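Quick note: numbers below take in every heavy atom, side chains included, and nothing from hydrogens, waters or symmetry partners. Predicted model, so just to flag it, every value in this text is computed and none were measured.
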Amino acid sequence: MKRLAKVYVLLWSLGLACGMPANAPAASTTEYSAGHADIGLTYNNGELSLDYYFGEDAAVLDGMVTPVEVIANPSTAHVRVPDEAIFTFTLPAPFLDSGIGDSIWRLPFGQEIGVPFLGIDSRRLDIGVTNAVLSMTDFSGPGEFALYQVGSFGPITFLQTNNGIDPVGDDMFSYPFHDHFNFGFTEPGIYNVELTATANAAGVGQVSDVETFTFFVGTATAIPEPSSFMVIGFGIVGLLTRRRTRSRK
C-alpha cells in the first residue's frame, strides 16, 4: 500500500507540473489545504520517522483530493492556514498572549469544511517501542504559536512559543495515540515548527527523528527558487528515497 501511494504521488505531482498553465504560480512544496491528515510517528527497520499521512479522509493536496493514502516527508509539503480559519477569543488566552476579543488563525480541534483537520498519530508504532515523546525543539515565525485543547476547566496547552522553547516543557507523550488539537497562530506569515520524536526500541535503544513542519498562515506565499520545477522534482524523489540521518544512543 505504501509503495502504491508513493508511486501515485510521483505520477500525480509530475502531472500537475507538466499540466500547469504558463501563468500559474510555481510552488516549492505541496500544499495541504483541507481534509483530514496526521503528523504520523512510525518505527521501521530500526528507524523512528515523523511524516505527514494524507488521505485518510479526503485530504486536499494542491487543490486535488487524494484518492489513496499519501506518506510525505515534512520537507516536501506545507500546511495552509487560510483566513477562513480566523477565530476570535471569548476568554483570555495567555498562552498566545491574547485576550478577549483578540483574533488568531486557528486550525480547529474539530473538522471544518475548507480548513485542514490535522491530528497527531502514533498508532503505527511497534509494540516494542516505548517511552515515545514528541517535543518542540525549534521555532521561527512572525507571531506566536501554540498547540492546545479546551477542556472542562479551560485550555490545556501542550506546545507554546511565547515562553521560549523548552523541549521539556513543550512535549507530549505519543504512544499509543491519535488525537486532534487547536493549532493557533497570532500573525499571518510563514511558521516553521521543529518537532523531535524520541523513543526506546527493543534491542536498539533510543531512536529519534527531527523534522520541521511549515505552516503558511493567511495569504503568505513562498518565494520560488530559480528552476523551481527542478526543485519540485527533487522533492518528489525525496518522497521515494527518504534517506535521512537518524540519531541513536
Shortest non-hydrogen contact from [X] toward [Y]:
| X | Y | result |
| --- | --- | --- |
| Pro188 | Pro142 | O-CG, 3.1 Å |
| Asp209 | Ser49 | OD2-CA, 3.5 Å |
| His36 | Phe117 | CD2-O, 3.2 Å |
| Tyr43 | Leu48 | CD1-N, 3.9 Å |
| Ile165 | Pro167 | O-CD, 3.9 Å |
| Gly184 | Leu96 | O-CD2, 4.0 Å |

Do Phe183 and Val193 touch side chain to side chain, with heavy atoms closer than 4.5 Å?
->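 In short, these two side chains do not touch, never coming nearer than 4.5 Å.
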
Passing option when His78 is tested against Thr214, Thr29, Asn192 for side chain to side chain donor-acceptor pair (under 3.5 Å) =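 Running side chain to side chain donor-acceptor pair (under 3.5 Å) over Thr214, Thr29, Asn192 with His78 returns exactly one hit, Thr29.
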
Do Leu147 and Val150 belong to the same hydrophobic cluster, where Ile, Leu, Val, Met, Phe, Trp and Tyr are linked whenever their side-chain heavy atoms lie under 4.5 Å apart, directly or via other members?
->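 No, because Leu147 and Val150 fall into different hydrophobic clusters, even though each may have its own neighbours under 4.5 Å.
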
Would you find a donor on one side and an acceptor on the other, under 3.5 Å apart, between the side chain of [X] and the backbone of [Y]?
| X | Y | value |
| --- | --- | --- |
| Thr161 | Phe145 | yes |
| Asp121 | Arg123 | yes |
| Asp62 | Glu31 | yes |
| Asp170 | Ser135 | no |
| Arg80 | Gly218 | yes |
| Asp38 | Gly40 | no |

Can you classify the ring geometry of [X] versus [Y] as parallel (below 30°), tilted (30 to 60°) or perpendicular (above 60°)?
| X | Y | answer |
| --- | --- | --- |
| His180 | His178 | perpendicular |
| Phe185 | Tyr191 | perpendicular |
| Phe54 | Tyr52 | parallel |
| Tyr148 | Phe95 | tilted |

Output, in order, the C-alpha distance, side-chain angles, deciding distance and verdict of side chain to side chain contact (heavy atoms under 4.5 Å, CB included) for Phe213 and Leu50.
-> CA-CA 10 Å; Phe213 295 83; Leu50 275 168; 4.3 Å; yes

With sequence neighbours excluded, residues passing side chain to side chain contact (heavy atoms under 4.5 Å, CB included) with Asn162 |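 Checked Asn162 against side chain to side chain contact (heavy atoms under 4.5 Å, CB included); matches are Asp97, Glu144, Gln160.
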
Output every pair passing side chain to side chain donor-acceptor pair (under 3.5 Å) with a member in residues 99-110, not counting sequence neighbours, ordered by first then second residue.
->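 Only Asp83-Trp105, Thr88-Ser103 qualify under side chain to side chain donor-acceptor pair (under 3.5 Å).
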
Around atom CD1 of Ile113, are there more than 12 heavy atoms of other residues, nucleotides or ligands at under 6.0 Å?
->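 Open.
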
With sequence neighbours excluded, tell me which residues meet side-chain hydrogen bond (donor to acceptor under 3.5 Å, both in side chains) with Thr196.
->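 Thr196 satisfies side-chain hydrogen bond (donor to acceptor under 3.5 Å, both in side chains) with Thr137 only.
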
